[in-house]
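Here's the structure, in structure tokens; my notes come after.
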Amino acid sequence: MTIEIERYDAMREPSSAVLSYKLPDGDMTLLQALEYIKTKIDPTLSFDKGCRSGICGSCAMRVNDREVLACNYKPVDGDKVSPLRYHEVQRDLIVDKSAARQTLRKSRSWLHGYNGAAVAIAQEKITEVQSDCILCDSCYSACPVLAVNPDFLGPFALTRVYRYSADVREGDAKPMIDAVQQSGVWDCTLCGECTAVCPQGIDPKMDITMLRSTSAQHGYMDPNFSAMSFGFGGF
Ligand code: FES
């Protein structure tokens, strides 16, 4: 089996290249394949890894333009491996996630007004899956909106806002809801790419839809909708 890897090293000339690597036959994950290449073929190959079991989110990358966790994915002949999109590539498959992390701060996605409410199991279930986010950034990389609007808050931040705004212990969701009106809930196209790639089974598309409803309860409406003319001017 042969796979291709998009390589990048600012210190190299040329800095970018797509290189092919032949792998031995056998059942291996992509992470194991990368480790094989690094130990047996090219020690300069760089990639992130951590838990090796789909928990830490460090090994997210793209295969054939689709986000995967390398430790969960079994490569097939002809696969092309590349780094996540919309992140600065540091080297090969290692990206800098710090800029994307800023969306959590910008969206103010934390509890603002603890009201001391007890959380029933049924209420806990409402936001349980969103709490499983491992910040792998797969959803962020898969989002087509970020290709045209780099300021878009992106799926994982909006999911986290939903998680906290829907928490019964939140007595003041307004700061969060206010924070996601610009380049936020209304800018999503609801394409569902984020939902399709989430390794945790989170559905950011649904969370964003729910946040639109919460936004309406706080007096906001879709700015595109409000800008439309329905020809009622004569009435
Ligand atoms: Fe932790 Fe893959 S190494 S998710």
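Values below: every heavy atom of this structure, side chains too, minus hydrogens, waters and symmetry copies. In listed order, ligands and their atoms are each counted from 1. Computed from a predicted structure; not experimentally measured.
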### Message
Can you see whether S131 engages R163 through a side-chain donor-acceptor pair at a distance of less than 3.5 angstrom?
### Response
yes
#### Entry: Protein N, O or S atoms under 2.8 Å from atom 2 (Fe) of ligand 1
2
### Message
Please determine whether a side-chain nitrogen of the Lys or Arg among R169 and D167 lies less than 4.0 Å from a carboxylate oxygen of the Asp or Glu.
### Response
yes
### Query
Any luck finding a side-chain donor-acceptor pair between E170 and S165 under 3.5 Å?
no
### Summary
Correct closest heavy-atom pair for V89 and P83 would be CG2-CG, 3.8 Å
### Task
Hey, can you tell me if Y86 and Y140 have their rings parallel, tilted or perpendicular (30° and 60° cut-offs)?
perpendicular
### Message
Using the side chain to side chain contact (heavy atoms under 4.5 Å, CB included) criterion, which residues pair with P14? Sequence neighbours excluded.
### Response
none
